[in-house]
Amino acid sequence: MRLSQSFLPVLKESPAGAEVASHKLMLQAGLIRQTSSGIYAWLPLGNRVLRKIEQIVREEQDRVGQEILMPTIQPADLWKESGRYDAYGPEMLRINDRHGREMLYGPTNEDMVTALFRDDVKSYRELPRMLYHIQWKFRDEVRPRFGVMRGREFLMKDAYSFDLDEAGAKISYYRQLLAYLRTFRRMGIRAVPMQADSGPIGGKLSHEFVVLAPSGESEVFYDGKIEEVDLEREGLSYDDAEALEALFREATGVYARTDETHEERYWDAVPAERQRTGRGIEVGHIFYFGIRYSEAMGLKVSGPDGTMLVPHMGSYGIGVSRLVGAIIEASHDDNGIVWPEAVAPYKVGIVTMRADDADTVAAAERIYAALGEAGVEALYDDRDERGGVKLGGMDLMGLPWQVVIGPRGLKDGVVEVKNRKSGEREQLTIEDAIAKLSA
RNA sequence: CGGGGAGUGGCGCAGCCUGGUAGCGCAUCUGCUUUGGGAGCAGAGGGUCGCAGGUUCGAAUCCUGUCUCCCCGACCA
């Protein structure tokens, strides 16, 4: 993409009203704009990141489940069936349609997915199943803050498992645990599974996935031993129940809790040199809650012996839009965002130091075209701006690689390739630069 | 929901206390000079001061109401 043709409003000054780094940087680098308290429009740059994260989540979820898409607007009756309509409180946005029917903007989808499943699944032969969708949710938070990390409207992946019994449900839980570990790893961040409260959804088994960042919302305590465990298990098959259970024991067997569930007596048992504390941002949450919804909503299937069975369920959420902020919290510096390559809006930023120099422009065009042919996503700053402005903008936007082209280098036949994260610069010929960035 | 604060050109702010018809920086536009880490000079455009009432000869400024946004806390994917 050419910057001269982009809608990419970068602010020179840090906007008022933003407290945490990710919020400031997202506004400043032109990723989002607020439209109401806790509600944001995603501009091109932010939207690209959001889509990349969404796609990674989708690919990993497709290995354990099937994607569906449920509506944002739900009928209140569904929630009355599960008994949650009154329980949920003012966080739920309730609306009436023109006929006065009670509707709501879904804060989550357990009720709806249970009804959908109940209406069509009648036999034990059709279990287990895992369904997920990636959809916008709305929770009318009393006090939205921290930009997209605590918005009212947010994009979330939520998956739902249906199993014949508790043993099966646990396998589903383990599968999601592994899927989550792999998902976050692919995004270039470390998310530690921590024992959690099951909260208002209610449940028996529950873990939060927490990204460590100084500005995190909750305090976390964990045993450093978890850093040594290879949690993603490259070769591990989702069909290997025993190995999954072993992974679960290993991943959750060490002490790792947020301040909500922290208990000194267990903490004290962790060797002092391995005690790690810090702050964390919750980016995912997995629950096993048994028959809470299936029972309330009349979901049952015929068992092998003709008796009716009530399926055990679990739900598994990932805050997709929140992750955009969380990743920035975990990866930025004084100059701006530092995107992990997997979620960067573009891999390469191309900068011409002198837009009035024909050789410089020709070299930039050549590199831009070559990267395009190689399928490398590049943002080409072809504006007639001073070099410093462009370099500052590139650092702010945080693209993993920058190619800086100017007469000074071209005189010696080279361009500069800079790594945003390490700051390392290399002088390469145009061809070498193209080859390096296309790799 | 309790406590606090703010709404003034696109962005960031001053002016308000002590009413007299709106200003600064950045951005934008034009011209010239510049050009390897956020250029300089000259000129120009752009605001019914959140909204509604009220007081007054006169309101951005004082009073009342209202809406919105932000911060601390409680709450939360």
Side-chain angles (χ1 to χ4, degrees), chain A residues 9-20 23-24 27-28 30 33-39 57 88-92 106-110 134-159 180 191 196-201 206-211 217-218 258 260 280-287 315-326 335-336 351-357 360 381 383-396 402 404-411 414-416 418 423 425 427:
Chain A
V10 170
L11 306 176
K12 200 162 192 177
E13 297 175 74
S14 182
E19 284 296 303
V20 297
H23 191 193
K24 282 183 196 163
L27 289 166
Q28 208 175 339
R33 287 294 180 262
Q34 178 169 309
T35 61
S36 300
S37 181
I39 304 180
V57 171
Y88 216 89
E91 269 204 339
M92 186 154 72
T108 177
N109 286 69
E110 281 83 5
I134 300 174
Q135 178 63 290
W136 291 92
K137 306 286 192 294
F138 193 91
R139 291 183 195 172
D140 200 357
E141 297 285 344
V142 199
R143 191 186 160 205
R145 62 184 124 174
F146 306 142
V148 298
M149 287 199 294
R150 177 84 180 277
R152 292 194 293 172
E153 188 182 57
F154 55 95
L155 187 60
M156 181 176 170
K157 182 285 299 181
D158 39 324
Y180 274 39
D197 256 346
S198 14
I201 297 179
S206 173
H207 288 87
E208 291 181 355
F209 285 77
V210 174
V211 172
E217 291 191 77
S218 47
T258 66
E260 284 180 332
I281 302 161
E282 182 184 350
V283 293
H285 205 152
I286 57 179
F287 294 95
S315 71
Y316 315 87
I318 290 181
V320 175
S321 50
R322 167 179 281 196
L323 268 164
V324 180
N335 296 322
V351 170
T352 49
M353 294 307 291
R354 289 290 297 265
D356 59 347
D357 179 70
T360 298
D381 192 344
R383 296 171 305 164
D384 184 13
E385 286 283 353
R386 302 176 73 84
V389 173
K390 298 185 186 182
L391 293 173
M394 281 298 170
D395 282 349
L396 213 214
Q402 295 172 15
V404 182
I405 305 156
R408 196 180 285 178
L410 288 178
K411 188 160 43 79
V414 297
V415 297
E416 181 181 286
K418 175 182 156 187
R425 298 152 196 259
Q427 308 295 322

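Chain letters run A, B, ... following the sequence lines, proteins first, then strands; residues in each count from 1. These values consider heavy atoms only, across backbone and side chains, with no hydrogens, waters or symmetry-generated copies.
- Distance, A/Glu141 CD to B/rA77 C1': 9 Å, rounded to whole Å.
- Between A/Pro107 and A/Phe138, every side-chain heavy-atom pair lies at or beyond the 4.5 Å cut-off.
- A/Phe287 and A/His285 have their aromatic ring centers within a separation under 6.0 angstrom.
- Taking atom C1' in both B/rU68 and B/rC32, the straight-line distance is 45 Å, to the nearest Å.
- Atom name C1', nucleotides B/rC13 and B/rU55: the rounded distance is 30 Å, in whole Å.
- Without hydrogens or angle criteria, A/Arg322 side chain to A/Met149 main chain gives a donor-acceptor distance under 3.5 Å.
- Nearest-nucleotide positions on RNA chain B for A/Ala18 and A/Arg322 put A/Ala18 closer to the 5' end.
- For the pairing with A/Val415, the side-chain contact (heavy atoms from CB on, under 4.5 Å) check across A/Ile405, A/Thr352, A/Thr360 returns one residue only, A/Ile405.
- The separation between A/Met149 atom CE and B/rA77 atom P is 15 Å, rounded to whole Å.
- At a threshold of 4.0 angstrom between heavy atoms, the contacts of A/Val404 include nucleobase atoms, whether or not backbone atoms are also involved.
- For the pair A/Ile318 and A/Pro144, both in contact range of RNA chain B, the more 5′-proximal nearest nucleotide belongs to A/Pro144.
- A salt bridge links A/Arg425 to A/Glu416: one of the charged nitrogens lies within less than 4.0 Å of a carboxylate oxygen.
- What separates CD1 of A/Ile39 from C1' of B/rA77 is a distance of 16 Å, to the nearest Å.
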TODO: Please report the C-alpha distance between A/Ile318 and A/Val283 in whole Å, then the side-chain angles of each, then the deciding distance to 0.1 Å, and finally whether the side chain to side chain contact (heavy atoms under 4.5 Å, CB included) criterion is met.
DONE: CA-CA 6 Å; A/Ile318 290 181; A/Val283 293; 5.7 Å; no
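- Between B/rG9 and B/rA60, the distance separating the two P atoms is 14 Å to the nearest Å.
- Proximity note for A/Pro407 (side chain, C-beta onward) versus B/rU35, B/rC76, B/rG36: the nearest is B/rG36.
- Across B/rU21 and B/rG36, the matching C1' atoms stand 50 Å from one another, rounded to whole Å.
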Open item on the list: Does A/Arg145 form a side chain to side chain contact (heavy atoms under 4.5 Å, CB included) with A/Glu19? I'd like the steps, not just the answer.
Closed with: CA-CA 9 Å; A/Arg145 62 184 124 174; A/Glu19 284 296 303; over 6 Å; no
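- Under 4.0 angstrom from either OP1 or OP2 of B/rC72 there lies at least one side-chain N or O belonging to A/Arg145.
- Salt-bridge annotation for A/Asp395 and A/Lys418: present, with a side-chain N of the basic residue lying under 4.0 Å from a carboxylate O of the acidic one.
- One can place CG of A/Asp356 at 13 Å from C1' of B/rU33, the figure rounded to the nearest angstrom.
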Atom pairs under 3.5 Å: protein N/O with N/O of nucleotides 67-69 of chain B:
from   : atom 1 : to      : atom 2 : distance (Å)
B/rC69 : OP1    : A/Ser37 : N      : 2.9
B/rC69 : O3'    : A/Gln34 : NE2    : 3.1

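- Annotation: the span from A/Trp136 atom CH2 to A/Met156 atom CE amounts to 13.0 Å, rounded to 0.5 Å.
- Distance, A/Asp384 CG to B/rC29 P: 11 Å, rounded to whole Å.
- Atom CG in A/Asn109 sits roughly 13 Å away from atom C1' in B/rA77 (whole-Å rounding).
- For A/His285, taking side-chain heavy atoms from C-beta onward, the closest of the listed nucleotides B/rA77, B/rG12, B/rC76 is B/rA77.
- Base engagement by A/Gly151 is indicated by at least one non-hydrogen atom pair under 4.0 Å involving a base atom.
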TODO: Could you run through nucleotides 37-46 of chain B and give me one letter per nucleotide, 5' to 3': B if any protein heavy atom sits under 4.0 Å from the base, S if only the sugar-phosphate is that close, - if neither?
DONE: BBB-------
- [ ] Quick one, give me the B/S/- string for nucleotides 1-10 of chain B, reading 5' to 3', where B means a protein heavy atom under 4.0 Å from the base and S means that only happens at the primed atoms, P, OP1 or OP2.
- [x] B---------
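- Rounded to a whole angstrom, the distance from the C1' atom of B/rC67 to that of B/rU28 is 31 Å.
- Note: A/Arg354 CZ to A/Arg386 CZ = 9.0 Å, rounded to the nearest 0.5 Å.
- Taking atom OH of A/Tyr88 as the reference point, atom P of B/rC75 lies 16 Å away to the nearest angstrom.
- One donor-acceptor pair, N or O on each side, does fall under 3.5 Å between the base of B/rC76 and the side chain of A/Arg150.
- A straight line from CZ of A/Phe138 to C1' of B/rC76 spans 14 Å, rounded to a whole angstrom.
- Within the model, atoms CD1 of A/Ile39 and CD of A/Glu153 stand 5.5 Å from one another, a figure rounded to the nearest 0.5 Å.
- Counted by atom type alone, A/Asp158 and A/Gln135 present zero donor-acceptor pairs between their side chains at under 3.5 Å.
- B/rA42 and B/rU56: their C1' atoms are spaced 44 Å apart (whole Å).
- Among the protein residues, A/Gly406 comes within range of the nucleic acid bases, having at least one heavy atom under 4.0 Å from a base atom.
- At the heavy-atom level, A/Pro90 lies nowhere under 4.0 Å from the strands shown.
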